[in-house]
Amino acid sequence: MARVEFLTPDEMAEVITPELLRESAQQIRRELLTMPFQVFQDQTAKFVTVLPGVRNQVMFNELDGDAELAPYSINNHDTADYKITGRILEVFPGNCAKDFDPMPLFHSIYGESLALGQALTKHQIARKLLVLFAAKIGKHINDVVFVGGVRNVQGKRTKDLFDSFDTIIGKEITEGNIVAAKNNYINLGKIDKTNATEVLKEYYRSCDPELKKQKTFMYMSQEVYDCYVDDYQARHGSLQYNTSFDKEFLEGSRGKCQLAVLDNMSGSKFLKISTKPNFLLGTDIMNQQNKANVGKYSSWVCTFEYAGVYGEQIRCINKELLKVGEFSLESDEPDSDPDDGGETIVVKTDVAVSFDNAVVTATMGEEPTSQTATTEPSVAVTYSSSDESVATVDAQTGALTLVGAGTTLITASYAGDTTHNAASASYALTVSAQG
């Protein structure tokens with residue numbers, strides 16, 4: 001066989017025909033249909049559940065109710081309090097057709113396989129070309145699994161095919177199904193590298209006890225994870241046992257909450273704590289309606305054809321299986337919507353309150369020595385006496401007035417504010433009768 005560079009286009013067309021391309025596509029059909037999942041199997045597919053047999057829609061029943069034993073009584077009989085909510089996972093058909101000219105491949109280094117007598121369509125070039133297209137489809141599906149997907153039947157992009165998990169969550173929040181009152185939502189405010197450790201810990205601690213009993217994932221973007229490890233290192237970097245700051249599990253979760261760091265969650269405003277079976281990606285990759293093929297509809301040009309069905313759903317949104325945390329990485333305002341009714345986590349700093357002496361003695365008829373509290377940072381405190389029959393104290397200055405013999409506790413209290421925690425300190429005042 002002549003070398004590729006010496007072949008005419010007509011001779012090339014005789015060697016590589018659309019029929020052979022179609023044959024090659026059918027030979028690797030399974031590989032092409034499963035390629036989208038192979039693209040993200042090492043990341044997204046590790047943290048969501050793929051349902052491969054969904055052709056149209058599947059109904060999942062979310063059952064919620066309660067029952068408990070009370071002390072025996074013949075009157076312990078009432079109507080059951082329960083609710084069944086149907087949640088539908090629906091998949092939507094999508095297709096892709098891309099025209100391509102295979103001839104430039106023959107003039108590339110890959111075309112050398114022809115000179116060796118290998119059939120291009122039965123070996124690496126055809127496989128690489130078709131797998132490339134299928135892999136790109138997988139990449140774009142992966143990109144919108146968590147963020148950006150909004151079902152739009154008039155759209156032309158993968159993001160228009162199905163609702164992403166963030167879109168589903170946003171709709172449930174709007175409809176009042178994911179709210180602070182149901183303990184499946186919390187407003188986390190701002191997350192940055194100075195507070196991420198405390199915010200994420202408090203977020204996890206706010207979950208329903210039944211959710212915390214399970215092995216869960218905290219789904220987050222790389223940006224949130226960077227804030228967490230930077231803050232963790234700043235807080236604990238001086239400790240000798242901290243040799244690594246690549247954290248796999250949330251500190252304080254006893255190894256039950258794994259950090260699921262996903263590149264395709266970049267730009268998300270929601271953290272999610274849940275289990276892998278709760279996040280569903282449905283498809284029917286091996287159904288006959290799904291196909292990967294190569295056709296020819298015009299001269300010199302071949303068409304790559306791919307069809308598939310995809311959709312997403314969160315199986316259960318109640319507090320025992322899901323806790324959504326809404327946050328901001330940019331805004332300095334922890335809650336820009338004061339009417340949303342959401343609880344907001346604000347990480348406050350501690351105030352140190354102290355007295356020079358833990359015990360003070362005084363004698364009736366003599367001028368007592370009053371102590372003034374020291375605070376760090378400087379804040380205003382209020383003084384009080386636990387037994388005003390022994391001594392009273394000026395609430396603002398801490399000045400003492402002796403009343404009678406005995407012991408009382410003098411306390412300086414700071415009530416706290418939006419940025420500082422409440423704090424207090426005390427000393428014992430013992431008053432003796434006049435000798």
Side-chain angles (χ1 to χ4, degrees), residues 47-49 51 54 56-67 79-92 144-152 159 161-189 202-214 216-221 257 260 262 265 267-282 310-328 334-345:
F47 305 114
V48 304
T49 297
L51 296 183
V54 184
N56 185 13
Q57 56 182 232
V58 177
M59 172 75 79
F60 295 95
N61 293 323
E62 182 176 284
L63 180 61
D64 189 21
D66 195 18
T79 302
D81 179 17
Y82 71 95
K83 180 176 67 174
I84 300 177
T85 303
R87 298 190 60 77
I88 299 174
L89 168 60
E90 183 175 6
V91 294
F92 304 96
V144 298
V145 167
F146 281 93
V147 184
V150 180
R151 172 69 176 166
N152 175 15
K159 67 179 183 179
L161 183 58
F162 55 83
D163 285 347
S164 67
F165 290 128
D166 272 22
T167 301
I168 295 170
I169 288 171
K171 290 179 179 179
E172 297 291 353
I173 291 174
T174 300
E175 294 173 4
N177 298 320
I178 297 180
V179 292
K182 295 183 178 182
N183 198 25
N184 56 4
Y185 171 90
I186 190 168
N187 191 318
L188 302 173
E202 292 302 320
Y203 170 39
Y204 180 73
R205 290 170 181 173
S206 72
C207 291
D208 185 83
E210 292 302 317
L211 180 57
K212 288 190 287 186
K213 289 178 182 178
Q214 304 174 67
T216 58
F217 290 114
M218 183 184 291
Y219 297 83
M220 65 178 63
S221 66
C257 183
L262 295 158
M265 275 192 62
S268 174
K269 64 179 181 179
F270 299 119
L271 294 177
K272 306 100 177 162
I273 295 177
S274 190
T275 61
K276 178 178 178 178
N278 205 33
F279 284 90
L280 307 175
L281 174 59
Y310 293 92
E312 293 186 351
Q313 185 56 276
I314 301 175
R315 184 192 297 264
C316 180
I317 62 172
N318 70 39
K319 64 183 180 180
E320 296 180 355
L321 280 175
L322 177 69
K323 185 66 176 276
V324 173
E326 187 169 359
F327 70 97
S328 170
D335 186 1
S336 58
D337 184 0
D339 298 324
D340 67 0
E343 178 187 355
T344 300
I345 289 179

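Nothing here was measured: the structure is a model prediction, and the numbers come from that model.
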Those residues at least two apart in sequence (or on a different chain) that pass side chain to side chain contact (heavy atoms under 4.5 Å, CB included) with K269 are E326
Note, I186 side chain near V324 side chain (heavy atom, < 4.5 Å):
no
Would you say the ring centers of F279 and Y219 fall short of 6.0 Å from each other?
yes
Partners passing side chain to side chain donor-acceptor pair (under 3.5 Å) against S164 (at least two apart in sequence or in another chain):
T167
Set of side chain to side chain contact (heavy atoms under 4.5 Å, CB included) partners for S221, sequence neighbours left out
E223, V224, M265
Can you find a pair of side-chain heavy atoms, one from N177 and one from K171, that are under 4.5 Å apart?
no
According to side chain to side chain contact (heavy atoms under 4.5 Å, CB included), who are the partners of V144, at least two apart in sequence or on a separate chain?
T158, K159, F162
Under the salt bridge (Lys or Arg N to Asp or Glu O under 4.0 Å) rule, what do K182 and E172 come out as? Steps first, then yes or no, please.
CA-CA 12 Å; K182 295 183 178 182; E172 297 291 353; over 6 Å; no
List in chain and number order the residues that pass side chain to side chain donor-acceptor pair (under 3.5 Å) with S274, two or more places apart in sequence or in another chain; answer none if no residue qualifies.
N278
Side chain to side chain contact (heavy atoms under 4.5 Å, CB included) assessment of F146 paired with V48
CA-CA 10 Å; F146 281 93; V48 304; 3.9 Å; yes
Counterpart residues, side chain to side chain donor-acceptor pair (under 3.5 Å), relative to Q214 (two or more places apart):
none
Sequence neighbours excluded, which residues qualify as side chain to side chain donor-acceptor pair (under 3.5 Å) partners of E312?
none
Listed partners of R205 passing salt bridge (charged side-chain N to carboxylate O under 4.0 Å, His left out), at least two apart:
E202
Residues that E90 engages under salt bridge (charged side-chain N to carboxylate O under 4.0 Å, His left out), provided they are two or more places apart
none
The criterion is salt bridge (charged side-chain N to carboxylate O under 4.0 Å, His left out); which residues satisfy it with K319, sequence neighbours excluded?
D208
Test of understanding: with salt bridge (charged side-chain N to carboxylate O under 4.0 Å, His left out), list the residues that count as partners of K276, not counting sequence neighbours.
none
Go through the structure and list residues passing side chain to side chain contact (heavy atoms under 4.5 Å, CB included) with V54, not counting sequence neighbours.
L51, V58, L89, V91
